[in-house]
Amino acid sequence: MERHGLIAGKAVGSSTLYDGDALALAHIVKKFAAHGLDPRHLRSFRLAAEREVGLFAQIVGPQFHRKAPEARQQSIDDLHELGDLAGSMRAILLGRLLRDQFPGA
């Protein structure tokens with residue numbers, strides 16, 4: 001999973017520690033594996049997320065880097081809203097495309 005950029009550990013001394021997101025992703029990757037999808041197949045999810053972050057950075061980045069605390073907080077609020085909107089849009093588009101590809105599914 002690390003090799004394909006799905007999780008990243010943090011070196012602490014001679015150990016590598018993983019956060020809660022890494023654990024959640026490991027569980028999800030395991031479920032995908034039960035359907036025959038390996039981490040290398042899931043790299044496209046990371047790439048899609050990187051593209052979304054790049055788009056959001058263009059929108060929110062200038063405001064985020066202002067010195068005014070209220071501008072920074074507004075940009076953080078905007079990022080949360082954009083993330084929620086993207087998740088909703090992705091779910092709807094995926095559902096529609098699956099129904100188109102597999103009628104009755």
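Quick note: numbers below take in every heavy atom, side chains included, and nothing from hydrogens, waters or symmetry partners. For clarity, every value in this text was computed on a predicted model and none was experimentally measured.
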If you look only at distance, which donor and acceptor atoms sit under 3.5 Å apart when one is on a side chain in residues 17-24 and the other is two or more places apart or in another chain?
{"unit_1": "Tyr18", "atom_1": "OH", "unit_2": "Glu2", "atom_2": "OE1", "d": "3.2"}
{"unit_1": "Tyr18", "atom_1": "OH", "unit_2": "Glu2", "atom_2": "OE2", "d": "3.3"}
{"unit_1": "Asp19", "atom_1": "OD1", "unit_2": "Asp21", "atom_2": "N", "d": "3.2"}
{"unit_1": "Asp19", "atom_1": "OD1", "unit_2": "Ala22", "atom_2": "N", "d": "2.9"}

Result block: side-chain N/O donor-acceptor pairs under 3.5 angstrom for residues 43-65, not counting sequence neighbours:
{"unit_1": "Arg46", "atom_1": "NE", "unit_2": "His4", "atom_2": "O", "d": "3.2"}
{"unit_1": "Arg46", "atom_1": "NE", "unit_2": "Gly5", "atom_2": "O", "d": "3.4"}
{"unit_1": "Arg46", "atom_1": "NH1", "unit_2": "Glu50", "atom_2": "OE1", "d": "3.4"}
{"unit_1": "Arg46", "atom_1": "NH1", "unit_2": "Glu50", "atom_2": "OE2", "d": "2.4"}
{"unit_1": "Glu52", "atom_1": "OE1", "unit_2": "Arg90", "atom_2": "NH2", "d": "2.8"}
{"unit_1": "Glu52", "atom_1": "OE2", "unit_2": "Arg90", "atom_2": "NE", "d": "3.2"}
{"unit_1": "Glu52", "atom_1": "OE2", "unit_2": "Arg90", "atom_2": "NH2", "d": "3.1"}
{"unit_1": "Gln63", "atom_1": "NE2", "unit_2": "Ala71", "atom_2": "O", "d": "3.3"}

Nearest 0.5 angstrom please: Glu70 CD to Ser75 OG, how far?
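With rounding to 0.5 Å, CD (Glu70) is 11.0 Å from OG (Ser75).
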Measuring from atom CG of Leu85 to atom NE2 of His80, what distance do you get when rounded to the nearest 0.5 angstrom?
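The distance works out to 13.0 Å.
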Indicate yes or no for a side-chain donor-acceptor contact from His35 to the backbone of Phe32 under 3.5 Å, with no hydrogens or angles considered.
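No.
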Of all heavy-atom pairs between Met1 and Leu25, which one has the smallest distance, and what is that distance?
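In terms of heavy atoms, the two residues are closest at SD-O, 4.5 Å.
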Are Glu81 and Asp77 side-chain neighbours, meaning at least one heavy-atom pair lies under 4.5 Å?
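In short, these two side chains do not touch, never coming nearer than 4.5 Å.
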State, with a plain yes or no, whether a side-chain heavy atom of Ile28 is found less than 4.5 Å away from one of Lys31.
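When only atoms from C-beta onward are counted, Lys31 and Ile28 do not touch, as no gap falls below 4.5 Å.
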Can you list everything that forms a salt bridge (charged side-chain N to carboxylate O under 4.0 Å, His left out) with Arg99? Sequence neighbours excluded, please.
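Salt bridge (charged side-chain N to carboxylate O under 4.0 Å, His left out) check on Arg99 returns nothing, list empty.
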